[in-house]
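Values in this document were obtained by computation on a predicted structure and should not be read as measured data. Whatever order the structure lists them in is the order used to number ligands and atoms, beginning at 1.
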Amino acid sequence: MDKLMISGGRPLHGTVRISGAKNSAIALIPAAVLAETTVTLDNLPQLSDVAIYGEILSELGASISWHADEMIIDPSGMRSAPMPNGNVKKLRASYYLMGALLGRFGEAVIGLPGGCNFEPRPIDLHIKGFEALGAIVTNENGALHIKAKELRGAKIYLDMASVGATINIMLAASRAKGSTLIENAAKEPEIVDVATLLNSMGANIKGAGTETIRIEGVDTMHGCRHSIIPDRIQAGTYMIAAAATRGDVTIDQIIPKHMEAVTAKLQEMGVKVYEMDESIRIVGQPEYNHVDVKALVYPGFATDLQSPMCTLMTQSSGVSVLTDHVYGSRFKHIPELLRMGAKVKMEGRSAIIEGATLSPARVHATDLRAGAALVIAGLTVPSGRGITEVTGVEYIDRGYDNLVENLTSLGAEIWRETIKE
Ligand code: EPZ
C-alpha cells in the first residue's frame with residue numbers, strides 16, 4: 001500500500017496533457033462485445049479499471065492486445081460465460097457487461113458491483129430497461145441472471161437521468177428487434193462517446209446527448225477504430241488544482257465545451273480562465289469570491305468535481321455553499337478536510353464552507369474524487385508548514401493516471417511512499 005506525501009505552497013506552473021476519459025473507456029470496452037470483428041480503441045487512459053476490463057473480456061474468450069495507448073479487441077471468439085464473482089467484483093462499471101452480453105448473446109450472469117464508498121448505488125433502472133426489452137432478470141446469490149429469448153425494442157422512461165442505465169440500455173437495445181426510445185436519458189459526453197462507437201460498429205442510434213435517444217436494433221455489428229474523448233473530470237481536477245495553488249497552468253488535449261460548468265464557477269470566484277480550441281489556461285489569483293455550487297446531471301456542475309471544488313472553496317473569502325443533488329452523501333472528504341483546518345458545516349446535502357488556511361495532516365481517501373480533493377488540499381497548504389500524507393492511494397490511481405508525475409512536472413513537491421506494515 002502506498003501513501004502520497006505532499007509539501008504544499010508551490011503554485012503549479014506549466015502544461016498538463018489529459019488522457020482519455022475513464023468513464024468512457026469502461027463503457028466502450030464492454031461495448032466492443034457487440035461486434036463480430038475487431039474493435040480498436042485508442043487514447044485509452046492507463047488505469048487499473050481498464051486493465052481489469054481487458055482481463056474480463058479475455059476470460060470471456062475475446063483476444064486482447066495492446067499497442068501504446070491502443071486496445072485491440074477481437075470479440076469473434078467470445079461466449080457469454082457466467083461471471084458471478086472474480087474480476088467483475090473489482091469494478092463497479094462491470095455492470096455494462098450485462099447490456100453488452102444480453103445484446104450479443106441474449107443472456108448474462110454478472111456479479112452485482114461491489115459497494116461504493118460514498119453511498120449505495122442501485123441499478124434498478126438498468127434492470128427496468130432490460131425487462132422492458134423482454135429479458136427475465138433474477139438476483140441469485142448476489143449475481144444478476146439476465147435472459148431473453150428475443151430482445152424487442154421498447155419505450156423506456158428513466159425515473160432519474162442515470163448515466164449507467166442510459167448506456168446499459170443502449171448496449172442491449174442496439175441488437176434488439178425494432179425500435180427503442182429512452183426518455184429522460186442522461187446527456188453526459190460519455191453517452192455520446194458510446195453512441196458514436198456503437199454507430200461506427202453499425203448500430204442505429206439517434207439523439208445521444210439529448211434527453212431522448214432512439215435506437216433501431218440491427219442484426220449484426222462489426223469492428224471499427226474509435227478514439228476516446230478526453231477526460232473532463234481529470235481536466236476539471238487540474239483546473240481546480242491550478243486555481244487552488246494560485247498557479248498558471250494550461251490543461252491541454254481537452255474539449256473546452258465539456259468544461260463549461262466548472263469554467264463558469266471558477267470565473268465567478270475570480271479565477272482567470274483563457275479558452276483555446278483544445279486547451280484551457282487557468283491563472284490563479286490571491287483572493288477569491290465565495291460562490292454557491294450545485295452538483296447536477298450534465299450539463300450542470302459534475303458531481304465528480306464536487307469534492308475537489310470543495311477544497312478550492314475553502315480558499316475563498318466569506319461563506320460558500322456546495323450542494324450535491326446527485327449523491328446526497330458524497331461528503332466523506334469533509335471530515336478529512338476538517339483535520340486540515342477547513343471550516344465546513346454540513347446541512348443535509350449541502351456543505352457550508354468558510355474561508356480557511358489549511359494545515360498539513362494525515363488524511364485518508366475513501367473514493368477517487370475525495371482523494372483528488374485531499375491531494376489538492378495538501379498542495380494548498382502554505383509552504384513551510386509541513387507534509388500532508390494521503391492514504392487510500394489505490395482509489396486515486398483508479399481515476400487519475402500519472403497524477404504524481406503530472407503534478408511534479410507542474411512544480412508540485414509530491415511523492416509516493418510505501419506504508420510499512
Ligand atoms: C456514473 O456513475 C459515473 N461512473 C460516476 O463517476 C458519476 O458520479 C455518475 O455517473 C454521475 O455522473 C461511471 O461512469 C463508471 P448514475 P453511475 O447512474 O452511472 C441513481 C467517478 O468518480 N440511480 O448516473 O452509477 C443513483 O443512485 C464515478 O468517476 C438509481 O437510482 O451514476 C444516483 O443518485 C463515481 N438507479 C443517480 O441515479 C439506478 O439504476 C445518478 O447515478 C441508477 C442510478
Only one of Asp49, Ile123, Ile26 forms a side chain to side chain contact (heavy atoms under 4.5 Å, CB included) with Arg92, so which one is it?
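Among Asp49, Ile123, Ile26, the one meeting side chain to side chain contact (heavy atoms under 4.5 Å, CB included) with Arg92 is Ile123.
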If you count the non-hydrogen atoms of other residues, nucleotides and ligands that lie under 6.0 Å from [atom1] in [X], is the total more than 12?
X: Glu55; atom1: CD; answer: yes
X: Asp277; atom1: CG; answer: no
X: Lys332; atom1: NZ; answer: yes

Any donor and acceptor pair, going by atom type alone, linking the side chain of [X] with main-chain N or O of [Y] inside 3.5 Å?
X: Asp42; Y: Asp69; result: no
X: His290; Y: Val319; result: yes
X: Asp252; Y: Val16; result: no

Counting only heavy atoms, which portion of [X] has something under 4.0 Å from ligand 1: side chain, backbone, both, or neither?
X: Arg92; result: side chain
X: His325; result: neither
X: Tyr95; result: side chain
X: Leu125; result: both
X: Val297; result: neither
X: Tyr327; result: side chain

Is the shortest N/O to N/O distance between [X] and ligand 1 below 3.5 Å?
X: Val163; result: yes
X: Val326; result: yes
X: Thr303; result: no
X: Met160; result: no
X: Tyr96; result: no
X: Leu368; result: no

Which heavy atom of Ser320 sits nearest to which heavy atom of Val291, and what is that distance?
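Result for this residue pair: CB-O, 3.0 Å.
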Could you tell me if Asn204 and Lys206 have a donor-acceptor pair between their side chains, going purely by distance under 3.5 Å?
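Yes, a side-chain donor-acceptor pair sits under 3.5 Å.
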Could you tell me whether the side chains of Tyr395 and Thr366 share a donor-acceptor contact shorter than 3.5 Å?
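No.
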Would Glu190 count as a contact of ligand 1 if the rule is a heavy atom under 4.0 Å away?
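Not so, Glu190 does not reach ligand 1.
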Return yes when Pro122 approaches ligand 1 closer than 4.0 angstrom through a heavy atom, no otherwise.
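Per 4.0 Å heavy-atom rule, Pro122 contacts ligand 1.
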Who's closest to atom 35 (C) of ligand 1 heavy-atom-wise, of Arg330, Glu188, Lys22?
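It is Arg330 whose heavy atom sits nearest to atom 35 (C) of ligand 1.
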Closest by any non-hydrogen atom to atom 22 (O) of ligand 1: pick that one out of Arg369, Gln306, Lys128.
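Considering heavy atoms of Arg369, Gln306, Lys128, the nearest to atom 22 (O) of ligand 1 sits in Arg369.
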Ser174 OG to Arg104 CZ distance, which is reported to the nearest 0.5 Å:
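Result: 13.5 Å between the selected atoms.
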Side-chain contact, heavy-atom cut-off 4.5 Å: Trp415 with Ile387?
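SC-SC contact between Trp415 and Ile387 confirmed.
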Of all the atoms in ligand 1, which lie at a distance below 4.0 Å from a heavy atom belonging to [X]?
X: Ile26; result: 15 (C)
X: Gly164; result: 18 (O), 19 (O)
X: His126; result: 40 (O)
X: Ile123; result: 39 (C), 40 (O)

